[in-house]
Structures are given as C-alpha cells and as structure tokens.
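Beneath this line is the structure, given in structure tokens, with notes to follow.
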Amino acid sequence: MIVFLSMNNANTCSGCGNSSKDPAQVTNNAPRDPLSEVLLRHSAAHIMAAAMLRLFPDAKIDIGPATETGFYYDFDLEHKLTPEDLVRLEAEMKVIINENQPFERLEVSREEAYRIFRERGQDYKLSRLADIPEGETVTIYRNGEFVDLCRGPHVRYSKQVKAVKLLSIAGAYYRGSEKNKQLQRIYGTAFESKEALEAYLNQMEEAKKRDHRKLGKELKLFHIDDAVGQGLILWAPKGAILRTELQKFILEELEKQGYVQVMTPHIGKLGLFRTSGHFPYYKDAQFMPIIDKEAFELLRNENVSCAELSNRLDKGEIDGFLLKPMNCPMHISLYQSEPHSYRDLPVRMAEFGTVYRWEQSGELNGMTRVRGFTQDDAHIFCTEDQLAKEIQGCLHIVNVIFDTLHMQDYRVRVSLRDPNSDKYVGRDELWKKAEAALREAAVKLGRPFSEAPGEAAFYGPKIDFIIKDAIGREWQLGTVQVDYNLPERFNLTYIGSDNAEHRPIMVHRAPFGSLERFTAVLIEHFAGNFPTWLSPEQVRLLPINDSLNDYADTLLKQLKTKGVRASVDGQSDKLGAKIRRAELEKVPYMLVVGQKEQESGEVSVRARANKALEGNTTLESFLEKLIVEIKERR
RNA sequence: GCCGGGAUAGCUCAGCUGGUAGAGCAACGCAUUCGUAAUGCGUGGGUCGUGGGUUCGAGUCCCAUUCCCGGCUCCA
C-alpha cells in the first residue's frame with residue numbers, strides 16, 4: 001500500500017547526487033515567482049536541521065524531504081523531543097532565516113563527502129552516501145554552518161522561507177524498517193507568506209470538522225465502546241439506516257449483473273483455513289483460534305503449555321474454529337457443494353460478509369481501520385475466456401457507485417507482478433492475460449490510473465480504488481483481485497465442453513471494500529450532509545406552536561405511508577430553535593407548518609444548508625418530487 | 001507492536017507552581033406558544049480512565065496499566 005507521506009520516495013536528501021544540471025544553472029534557476037513549495041519546504045527542512053544542531057549538537061541527522069503538504073526531518077538524539085522543544089526549534093529557525101544564509105551547492109568528490117560527514121560525526125549521512133551509485137556526482141548543500149548531503153535544489157537565501165511552522169513529533173524507523181532503530185521525526189510546513197500558512201492551518205481546522213469520528217458521534221451514526229472492544233463498530237440506529245440504504249443500493253446493482261446472494265457463518269473450522277492457506281500463514285493478523293470444549297478438556301488433562309498448544313495448532317494436530325479473516329473459503333465450499341458445468345459459469349456469489357482481523361492496536365482508526373468489518377464481498381468463478389468481461393463488470397459497478405455518490409476524487413491503481421520475483425503462483429501466460437485484462441478494464445473505466453509493478457498479491461494481479469480522508473490520509477476502498485491460488489488449493493473444477501475437468505479462475509471483488517471504511521469516507525465526503533436517499537432522517541416537520549402538533553402528526557403519517565423517514569419536532573420551542581436543531585442534525589428537508597399552512601393545506605419547504613425557502617406547496621406535490629429524488633438516489 | 005501527546009459531567013472544555021471540582025451546551029422541571037439557525041428561570045448529574053505509591057492532604061507529583069489522538073511499521 002502506498003502510504004501518505006511515504007518516506008521511501010525519491011525526493012529525499014539521501015537520494016542526492018544524480019542531478020545533471022551544473023551548479024551555476026541550478027543557482028540561476030532557483031525559482032523566484034512563484035517559489036516552488038517543494039523547494040521552500042525542502043529548504044525549511046535544512047533550516048530545521050541546522051536549528052536542531054544548534055540546540056542539540058549531538059543530534060545525528062538522517063533525511064529530510066519535502067512532503068505533499070510540508071516537510072520532515074529525522075533525527076537520532078538522546079534527548080526525547082517534547083512539544084516545548086518545537087517552540088524553541090521554531091524560534092531558532094526564525095533566527096537562521098533572518099540571518100539570510102545563502103544556500104550553496106557544492107559538487108564534491110566522494111572522498112571529500114566522506115571526510116566532511118565523518119568529521120561532523122554524521123554516521124547516517126555516511127550510510128546514505130554509500131547508497132549513491134558509483135559514478136554519480138555527489139552534491140552537498142551548505143547554508144551557514146550547516147552542511148547536508150543533498151541533491152537539491154534549494155532556495156537561494158534562507159529569508160525566502162517566509163512562514164514556517166513545526167507541527168508534530170513522531171517516531172519513524174530508520175530506513176522504514178521496524179527492525180531498525182526508531183528515530184525522532186519532526187513534521188512541519190512552510191509557505192511563501194504568513195497568509196498562505198494561516199490559510200493552510202485554517203483549512204486543516206476546517207477539514208477536522210468533517211472527520212468521521214467527530215461527525216459519527218455528533219450525528220449518532222456509530223459508537224466504539226471500550227467495553228465491547230477496540231476496533232469493533234457498533235452501528236447506531238441512524239448509522240444502520242445509512243448502511244442499510246447502501247446495501248440496498250448495491251444489491252440492486254448486483255441483481256442487474258446476475259449475482260446470487262449467499263450467507264455464511266462468522267466462524268469456520270481451522271482446517272478450512274489451513275487449506276486456504278490463511279492459517280497459520282497469516283496467523284499474526286488473526287484472532288486466536290477457538291478450541292472446542294472436548295479438545296480443550298483433553299489438553300487440560302495433559303497439562304499442555306501455551307507454547308505447545310500454539311505449536312500443535314500450527315501443525316494441525318489440534319482442530320478448532322477461526323473467526324473468518326476472509327469470506328472466500330466459505331464461498332468456495334458452496335461452489336464445491338455441487339458439480340459445475342462450463343454452462344454454469346460464471347458463478348457470481350455475493351455476500352455482505354463480516355470478517356475479523358487482528359490489526360495492530362496502533363493502527364486502529366475510527367471506522368477506517370477496524371478489527372471486524374463487513375465487506376460487500378463477492379467471488380466470481382469463471383473460465384479464462386470469461387475473465388476480461390467479468391473484470392469489466394466489476395469495474396462497472398465501481399463506476400456506478402462512485403457516480404451515484406458524486407465521488408470523483410479517487411485514485412485507481414493497477415497492481416502488477418514484480419518481473420524480478422518468483423514468489424507468484426499461476427502460469428506465466430495466465431498472469432499476462434489477467435494483467436492485460438485488468439489494464440484494459442482500467443482504460444475502459446476512463447479514469448487516470450497508475451500501474452504498480454510488484455504490488456500484486458502472490459496469487460494474482462489486482463485493481464484498487466484509493467481515496468483520501470479529511471486530513472489527507474489515503475485509504476484503499478474497493479478492490480478487484482484475480483486469484484490463481486485458491487482454485488488450486490481447493491482443487492476447484494468445472495466440466496468443460498470436452499467433458500474433461502478444468503480449473504476455474506477466481507475473482508475477489510468488493511467495490512466498497514468494507515462498509516465501515518466506505519461509510520467513514522462517505523461521512524467525510526458529504527461532511528454529514530448526506531443526499532436525501534441516504535439521510536437517516538429525510539424530512540422534519542416543524543409546527544409553529546403546540547396547537548399544530550396534531551396537524552403535523554397527520555402529515556407525518558402521510559409521509560411515513562410513502563416510506564419517507566420523517567419526524568415531528570413537537571417541543572415547546574420557537575421556530576428558530578427547531579430550525580437550528582434540524583440544521584445541526586443535517587436533515588435535508590424542513591417543513592414548517594403554521595396556521596397559514598393548516599388553512600391552505602400546504603407546507604412551507606426549507607431545504608438544508610442552503611437555507612433556501614422553496615416556497616409553499618401542497619404536501620402531495622412535495623412528496624411527489626421527494627419520492628423521485630429518493631428513488632433516483634440524487 | 002514502536003515513538004510522542006492525551007484522558008475532568010452525556011458533549012466541548014477550564015481548573016497556575018498539591019488544600020478537597022467549575023462553565024457552556026445537552027438532560028429533567030416550571031413558565032412561555034413564538035413564522036425560518038439558540039425564550040427565560042430552576043434542578044439533577046463527576047469515586048477527575050483504572051490500580052498502586054509519595055504526602056497531613058493528590059484532578060494536580062511518581063510508577064504501572066487501559067483506551068484515545070498524531071506519526072512509524074503492518075494491512076492476505
């Protein structure tokens with residue numbers, strides 16, 4: 001998975017030295033107007049590292065690239081950085097900026113570079129230097145007393161960094177591997193002007209207001225309770241309505257495409273998952289197996305230790321049950337429950353299947369990363385020849401979903417084999433065919449997509465749909481994956497026209513991905529202002545005073561008869577208060593009923609958020625339009 | 001899991017260097033019956049995440065632990 005703020009991208013100080021530009025040119029080309037934000041931020045990173053070395057001379061510096069929205073620098077130092085240190089560092093950075101240090105680019109020999117960083121005790125830089133391929137030019141950048149191994153380019157003078165702010169401290173493993181030492185990383189951001197920085201910070205504040213965790217609580221959509229467990233979602237009544245509507249929506253689409261619905265249990269015997277390979281291979285990411293009572297009694301009588309128990313479970317000497325980490329083995333069992341002719345294929349088996357995975361505690365996040373979630377899952381069993389068309393069908397559904405929900409800001413990634421690896425199962429020609437089919441389907445989708453060689457699963461290539469959350473983190477939603485592995489492991493077959501057994505290909509696909517994560521993204525996408533068809537409450541009747549409550553109730557009945565989700569605000573409040581309440585709860589339509597309306601048999605329509613008074617109309621004509629709006633999912 | 005920060009009423013938050021807990025909103029009660037984003041008054045509500053410790057005394061200091069937040073790592 002490509003992670004936001006990836007530290008492995010090429011734009012780091014460490015990857016320096018391959019610039020083909022001559023120094024003079026770079027210096028002359030240092031942009032003036034507008035100043036590239038990347039340049040600015042990368043320079044700010046150097047300034048921060050310089051400030052760090054002034055305050056903590058023993059600090060060892062690693063790398064400090066610009067990111068999409070700012071920059072960071074990784075340090076190794078004894079002192080544990082605190083938020084107060086950020087204030088001091090920021091102050092020192094301002095001193096450096098005001099010194100108006102020129103940024104100087106120097107081409108040096110490899111030996112010279114080694115000498116410079118060895119003298120300064122910068123071991124990490126020596127290691128990074130060793131990464132630079134022989135024959136490439138080594139460049140360093142100097143500003144004031146600070147020297148960094150760096151490809152550049154940079155601003156010309158430190159004063160060009162006009163607005164800078166340090167944001168947070170984080171741990172980051174050296175070279176991105178948890179086997180290495182954890183360094184201290186400081187994140188910050190820089191802009192051309194104080195105004196631009198302010199604007200960015202305000203924008204971040206605004207973005208936080210649509211955080212699904214905040215809105216989920218405010219709008220009573222879901223709840224996570226310590227007493228239930230980390231990463232386990234309780235869908236509150238309003239959230240459940242939202243989810244039910246999403247499920248109805250997708251069921252309709254699946255119906256159109258010839259899917260059949262199935263339902264399978266939440267647990268299954270360990271043996272099933274041994275066959276599929278999920279156990280014990282992915283044991284670390286699963287809940288512990290459940291041992292049946294008789295087996296447990298026997299083990300207890302034998303005084304078996306935990307280690308021994310674990311060992312025997314792994315080896316398959318003890319059976320038990322597993323909370324399913326995936327639905328596929330269950331669907332495969334259904335497929336296998338009867339013989340299949342090529343005439344039956346493709347079999348498209350769908351289920352809103354709830355799966356459980358043991359995510360690391362530090363990775364849990366609201367509804368986006370959880371330990372139990374429901375996939376809008378389906379498995380397609382098809383022949384080689386049918387594969388391309390089936391993949392296109394899958395992408396079509398994804399397209400319908402994103403269109404209907406007005407979500408166009410997503411990224412498509414086609415994950416392919418790493419040509420230099422042999423970890424993959426499945427015949428070479430099949431892979432080529434599947435990769436071509438995925439690519440072709442992606443092209444037909446008509447959206448820009450990227451290809452990611454080496455990102456494919458060992459069992460087949462895939463397409464993923466990736467979207468950003470309110471604060472810029474990327475999450476994978478839908479996925480379409482070709483699988484050559486499971487049909488093999490389960491020995492799946494169908495009888496071909498030649499009356500011989502053949503191996504079907506499997507496609508795993510989940511256009512939403514998980515309902516939890518998708519709902520989180522939806523909440524943030526709409527900032528809680530769901531389209532009417534998804535709104536937990538679609539219409540609220542606002543009687544002007546208590547004497548109109550009964551009349552409002554008769555209107556409510558009419559709305560409910562038509563299947564509209566509505567309520568009456570019968571509290572003894574002024575109209576303004578009722579409107580405010582409905583606005584805060586983001587109800588799409590408010591119908592004000594007063595004396596006038598009762599006499600004329602009309603309602604006064606007020607639409608959410610735009611405060612538009614749509615004028616008075618009869619309930620019937622309002623309903624007529626509303627029903628169409630809901631039916632068409634607008 | 002790792003690094004850093006946090007946890008005070010249902011929600012949002014205040015409570016300085018230790019002296020025995022407070023506001024707004026919500027809830028409840030009473031009054032008010034009101035025309036397009038907050039009517040007024042009153043009442044109840046907290047073993048300050050949990051468990052230890054220091055102290056005459058702990059929301060405040062120390063240790064442990066659980067959970068949350070931001071990163072890192074991971075994500076079949």
Side-chain angles (χ1 to χ4, degrees), chain A residues 1 3-7 67 72 74 80-86 167-187 208 211 213-214 217-218 220 224-227 229-231 273 276-279 281-286 325-326 328-329 355 357-366 368-371 457-460 462 471 473 475-476 479 481 483 485-486 508 513-514 517 542-549 571-585 590-597 604-609 611-614:
Chain A
M1 166 129 190
V3 179
F4 177 59
L5 299 181
S6 165
M7 65 176 291
T67 65
Y72 66 80
D74 287 348
K80 287 200 193 303
L81 292 167
T82 66
E84 292 77 63
D85 293 327
L86 290 193
L167 299 169
S168 62
I169 306 164
Y173 296 108
Y174 176 57
R175 288 182 186 269
S177 167
E178 63 180 328
K179 294 193 182 82
N180 293 338
K181 179 167 187 180
Q182 197 162 50
L183 308 179
Q184 300 190 71
R185 173 175 297 179
I186 298 178
Y187 282 100
K208 280 182 195 158
D211 189 313
R213 290 166 298 191
K214 182 176 157 66
K217 191 181 280 180
E218 285 171 5
K220 298 184 177 160
I224 300 170
D225 199 315
D226 204 18
Q230 283 181 281
F273 296 100
S276 70
H278 293 119
F279 190 89
Y281 191 56
Y282 292 109
K283 198 173 71 165
D284 289 348
Q286 292 163 0
M326 290 202 132
C328 18
V355 297
R357 299 179 189 179
W358 188 261
E359 303 289 354
Q360 296 190 97
S361 62
E363 259 308 332
L364 296 171
N365 185 285
T368 49
R369 191 79 184 265
V370 294
R371 284 184 175 160
F458 73 92
Y459 53 77
K462 58 176 183 169
I471 54 177
R473 291 179 293 207
W475 298 97
Q476 183 189 309
T479 183
Q481 312 188 353
D483 188 340
N485 179 46
L486 288 179
H508 310 250
S514 93
R517 183 176 288 180
L542 309 179
I544 287 275
N545 62 50
D546 291 358
S547 70
L548 289 151
N549 284 358
Q571 286 188 246
S572 304
D573 275 317
K574 297 207 290 193
L575 180 61
K578 297 187 184 190
I579 287 172
R580 178 177 157 79
R581 198 149 45 227
E583 284 288 353
L584 291 176
E585 291 174 32
M590 287 162 251
L591 302 183
V592 176
V593 285
Q595 217 66 47
K596 279 185 285 180
E597 283 74 20
S604 170
V605 182
R606 181 188 164 114
R608 169 185 62 193
K611 296 175 185 157
L613 299 183
E614 307 199 339

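Lettering of chains follows the sequences in order, A, B, ..., and the numbering in each one begins at 1.
- With sequence neighbours excluded, the residues satisfying side-chain contact (heavy atoms from CB on, under 4.5 Å) with A:S514 are A:F373, A:E516, A:R517.
- Residue-level contact check: A:Y281 touches neither bases nor backbone, having no heavy atom under 4.0 Å from any strand.
- Under the 4.5 Å side-chain criterion, counting only non-hydrogen atoms from C-beta, A:N365 is in contact with A:W475.
- Take A:S168 and apply the side chain to side chain donor-acceptor pair (under 3.5 Å) test, not counting sequence neighbours, and it matches no residue.
- Note on A:G576: only backbone sugar-phosphate atoms sit closer than 4.0 angstrom, heavy atoms only; bases stay farther off.
- Relative to the side chain of A:A577, the nucleotides B:C75, B:U39, B:G35 differ in distance, and B:U39 lies closest.
- Each of A:Q360 and A:R580 was matched to the nucleotide of RNA chain B holding its nearest heavy atom; the match closer to the 5' end belongs to A:R580.
- Contact annotation for A:Q286: base contact, defined as any heavy-atom pair under 4.0 Å involving a base atom.
- At the heavy-atom level, A:Q184 lies nowhere under 4.0 Å from the strands shown.
- To the nearest whole angstrom, the two P atoms, one in B:U60 and one in B:U8, are 13 Å apart.
- For the C1' atoms, the distance from B:G59 to B:G15 is 8 Å, rounded to whole Å.
- When the P atom of B:C3 is taken as reference, atom OH of A:Y173 falls 8 Å away, rounded to whole Å.
- Residues meeting the ring-ring contact (aromatic ring centres under 6.0 Å, His included) test with A:F273, sequence neighbours left out: none.
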Just the atom pairs and distances: protein N or O near nucleotides 67-70 of chain B's N or O, under 3.5 Å.
residue	atom	partner	partner atom	Å
B:C67	OP1	A:Q230	OE1	2.9
B:C68	OP2	A:Q230	NE2	2.9
B:C69	OP1	A:R213	NH1	3.3
B:G70	OP1	A:R213	NH1	3.2
B:G70	OP1	A:R213	NH2	2.7
B:G70	OP1	A:R473	NH1	3.3
B:G70	OP1	A:R473	NH2	3.2
B:G70	OP2	A:R213	NH1	3.2
B:G70	OP2	A:N365	ND2	3.4
B:G70	N2	A:I169	O	3.3

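- Proximity of a side-chain donor or acceptor of A:K578 to a complementary backbone N or O of A:P543 within less than 3.5 Å is detected.
- A search for side-chain contact (heavy atoms from CB on, under 4.5 Å) contacts involving A:I579 returns A:L542, A:L575, A:E583, A:M590, A:R606, not counting sequence neighbours.
- Scored by the salt bridge (Lys or Arg N to Asp or Glu O under 4.0 Å) test, A:K80 finds no partners at all (sequence neighbours excluded).
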Can you check nucleotides 26-33 of chain B for protein contacts, nitrogen or oxygen pairs under 3.5 Å, and list what you find?
residue	atom	partner	partner atom	Å
B:U33	O2	A:D546	N	3.0
B:U33	N3	A:D546	OD1	3.4
B:U33	N3	A:D546	OD2	2.6
B:U33	O4	A:D546	OD2	2.6
B:U33	O4	A:S572	OG	3.4

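- Listed for the A:E585 side chain is no donor-acceptor partner under 3.5 Å among the backbone atoms of A:A582.
- For A:S361, the side-chain contact (heavy atoms from CB on, under 4.5 Å) partners at least two apart in sequence or on another chain are A:Q230, A:R371.
- Across B:G1 and B:C61, the matching C1' atoms stand 30 Å from one another, rounded to whole Å.
- Of the P atoms belonging to B:C16 and B:A21, the separation is 14 Å, rounded to the nearest Å.
- When rounded to the nearest whole Å, the span between CD of A:E359 and C1' of B:C75 equals 5 Å.
- Between A:K217 and B:U12 there is a side-chain polar atom (N or O) within less than 4.0 angstrom of OP1 or OP2.
- Comparing the C1' positions of B:U12 and B:A26 gives a spacing of 11 Å, expressed to the nearest Å.
- Taking every side-chain heavy atom of A:Q182 into account, B:G71 is the closest of B:A76, B:A37, B:G71.
- Between the side chain of A:Q286 and the backbone N or O of A:P325 there is no donor-acceptor pair closer than 3.5 Å.
- Using a 3.5 Å distance cut-off with no hydrogens or angles, the side chains of A:R185 and A:Y187 do pair a donor with an acceptor.
- In this structure, A:L548 atom CG and B:C34 atom P are separated by 10 Å, rounded to whole Å.
- Computed from coordinates, the A:K181 NZ to B:C3 P distance equals 12 Å when rounded to whole Å.
- Atom name C1', nucleotides B:U50 and B:U43: the rounded distance is 31 Å, in whole Å.
- Taking atom C1' on both B:U47 and B:G51, the two are 13 Å apart, rounded to the nearest angstrom.
- Distance A:E218 CD to B:G10 C1': 13 Å, rounded to the nearest Å.
- Side-chain N/O atoms of A:K80 include none lying less than 4.0 angstrom from OP1 or OP2 on B:C3.
- Between the CZ atom of A:R369 and the P atom of B:C75 there is a distance of 9 Å, given to the nearest Å.
- Residues passing the side chain to side chain donor-acceptor pair (under 3.5 Å) test with A:R357: none are found, sequence neighbours excluded.
- Only the P atoms considered, B:C3 is 15 Å distant from B:C63, to the nearest whole Å.
- Between A:R606 and the phosphate of B:A37, there is a side-chain N or O to OP1/OP2 separation shorter than 4.0 Å.
- Residues that satisfy the side-chain contact (heavy atoms from CB on, under 4.5 Å) test with A:N485, not counting sequence neighbours, are A:V425, A:F458, A:Y459, A:D483, A:R489.
- A:K283 is linked by a salt bridge (Lys or Arg N to Asp or Glu O under 4.0 Å) to A:D314, counting only residues two or more places apart in sequence or in another chain.
- Stem list for RNA chain B (at least 3 consecutive Watson-Crick or G-U pairs, distances under 3.5 Å): B:1-7 with B:66-72, B:10-13 with B:22-25, B:27-31 with B:39-43, B:49-53 with B:61-65.
- The separation between A:Q481 atom CD and B:C75 atom P is 13 Å, rounded to whole Å.
- The interatomic distance linking A:E585 (CD) with B:A37 (P) rounds to 16 Å, in whole Å.
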